[in-house]
2 protein chains.
Amino acid sequence: MPKLWSETIDTHRRTVRDAILEAGWALVSERGLMSVTMTQIAEKAGIGRATLYKYFPDVETVLAAQHERHVAAHLEQLTALREQPGGPAQRLKAVLERYALICYHREKHGTEEFAALLHRGEHVAHAEQQLTALFEELLVEAAASGELRDDVPAEELASYCLHALAAAGGLPTEQAVARLVSITLTGLGLSV
Amino acid sequence: MPKLWSETIDTHRRTVRDAILEAGWALVSERGLMSVTMTQIAEKAGIGRATLYKYFPDVETVLAAQHERHVAAHLEQLTALREQPGGPAQRLKAVLERYALICYHREKHGTEEFAALLHRGEHVAHAEQQLTALFEELLVEAAASGELRDDVPAEELASYCLHALAAAGGLPTEQAVARLVSITLTGLGLSV
DNA sequence: AATTTTGCGAGACACTATGTCTGTATAGAA
DNA sequence: TTCTATACAGACATAGTGTCTCGCAAAATT
């Protein structure tokens, strides 16, 4: 198992890196954030402990990297959705729906909630901020076409969306998620 | 400083316990969740390490207790507010406003976000659930008097409120918080 | 094909943290 | 006063940390 070798060195390093992130995440899920150790991560990833230290300096960094990877994947989905045809309101709705579903489907023990606690917060928050920036752009567009309440800055509306839709993580069904999106859109002053 | 003695034993134990929780929280705030150790907590609290172990078995438990104490304090404020005179909608608005301000004022690195990560989650979530239960009751009352949208279960509305208002933690001013509350209420179908 | 570069694994090391268990002293409770 | 509960300091075995070697094997380079 420790024999993790791919064709080229670069792809190999990426493979090992991914295995580390995967292992770290799995350990958080099954043993809890506080009890994850570098030793455990190395074992789970199938590499030596010293090797692990050549990739990441500590547990926190492993988890932060994992978080960043997740957010990046989400951003990719959402930006693709933003480019689709349709009015600003329609595209906004599509993106918010997709984000709610992402929150709904993501594994338990929230992928996102790291940000506030890891104290790498300032840096992880950056990834999160890309999300709010994406929302904000869409909101500005929608506001320009007069489909939105204009008594609140777009930045605040974006933050509202992000938090409100995070509630999807605790909902029981996709129907409930759809209702949540509807509620959230109503808050924006958008008739859907 | 280590001489933490109060009149009676019971009050003394409470004093020490509070000092521990305070110390734990301070360490999380300044050094980050991952680097807090029992040794540090004991030093900061001004007690011996062995003594600390007679109060709490590990760091996670200290933090969970601290979290529970915070939520309890919030609940006390909010239930007091719920008993006040006025129509259901008014009282709902008052409670939501208060909760938003609590989120706004609470120290950085979110008091609440522990729940999902500490893996004591199931138990801490109970405290959180008391909050949603409180919201839910108010929402049912308001719905009964026809001031609310009735196409969504109260439980989901409560979850929506809790998450949406959590956005107050990242807002710059109290005016922004007021706007957030307004948006959230609009989502509920409440005219304010 | 031979050589150089790169990365891995195992082990060793000093250090810190953990969790438990003493013995002794001191402050409330009876 | 006597009894009980608590704190403290220190000791201890165990485990995790972060760094450093070494020798080996696979890629890149020539």
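Keep in mind that what you see is a predicted model, and the values were worked out from it rather than measured. Throughout, a chain's letter reflects where its sequence line sits, starting with A, and its residues are numbered from 1.
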Next item on the list: May I ask you to decide whether B/Glu174 forms a salt bridge with B/Arg179, counting only side-chain N to carboxylate O separations under 4.0 Å?
Entry: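 No, B/Glu174 and B/Arg179 are not salt-bridged.
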
To the nearest angstrom, how far is [X] atom [atom1] from [N] atom [atom2]?
X: B/Leu52; N: D/dG10; atom1: CG; atom2: P; result: 18 Å
X: B/Arg17; N: D/dT6; atom1: CZ; atom2: P; result: 14 Å
X: B/Glu43; N: C/dT16; atom1: CD; atom2: C1'; result: 12 Å
X: A/Arg13; N: C/dG7; atom1: CZ; atom2: C1'; result: 8 Å

Next item on the list: Would you mind classifying the nucleic acid contact of A/Tyr55 as base, sugar-phosphate or nothing, using non-hydrogen atoms under 4.0 angstrom?
Entry: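 Counting heavy atoms under 4.0 Å across all strands, the contact made by A/Tyr55 is with sugar-phosphate only.
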
Note to self: What does the B/S/- profile of nucleotides 15-21 of chain D look like, 5' to 3', with a 4.0 Å heavy-atom cutoff to protein?
What the structure shows: -SBBBB-

Check: Which pairs with one or both residues in residues 131-143 of chain A pass side-chain hydrogen bond (donor to acceptor under 3.5 Å, both in side chains), sequence neighbours excluded?
Finding: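 Listed by first then second residue: A/Arg82-A/Glu137, A/Arg91-A/Glu141.
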
Notebook entry, point to check: Roughly how bent is the helix from C/dA1-D/dT30 to C/dA30-D/dT1 end to end, in steps of 10 degrees, with each end axis from five pairs?
Noted result: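 Its terminal axes enclose an angle near 30°.
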
Margin query: Just to verify, what does B/Gln90 make a side chain to side chain donor-acceptor pair (under 3.5 Å) with, not counting sequence neighbours?
Written below: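 Partners of B/Gln90 under the side chain to side chain donor-acceptor pair (under 3.5 Å) test: none.
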
Note to self: Would you say CD of B/Glu83 has more than 12 non-hydrogen atoms from neighbouring residues, nucleotides or ligands within 6.0 angstrom?
What the structure shows: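 Yes - once you tally the heavy atoms of other residues, nucleotides and ligands closer than 6.0 Å, there are more than 12.
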
Margin query: Is a donor from one side chain sitting under 3.5 angstrom from an acceptor on the other, for A/Thr61 and A/Asp58?
Written below: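 There is such a pair (donor and acceptor under 3.5 Å, judged by atom type) between the side chains of A/Thr61 and A/Asp58.
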
For residues 159-171 of chain B, tabulate all N or O donor-acceptor pairs below 3.5 Å that involve a side-chain atom, not counting sequence neighbours.
from, atom 1, to, atom 2, distance (Å)
B/Tyr160, OH, A/Tyr160, OH, 2.7
B/Tyr160, OH, B/Thr184, O, 3.2
B/His163, ND1, B/Ser159, O, 2.9

Item checked: Rounded distance [0.5 Å steps], CD1 in A/Ile20 versus CE in A/Met38 ->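 Nearest 0.5 Å value for the CD1-CE distance: 8.0 Å.
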
Checklist line | With sequence neighbours excluded, residues passing side chain to side chain contact (heavy atoms under 4.5 Å, CB included) with B/Pro172 | finding: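 Per chain and number, B/Pro172 pairs via side chain to side chain contact (heavy atoms under 4.5 Å, CB included) with B/Ala176.
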
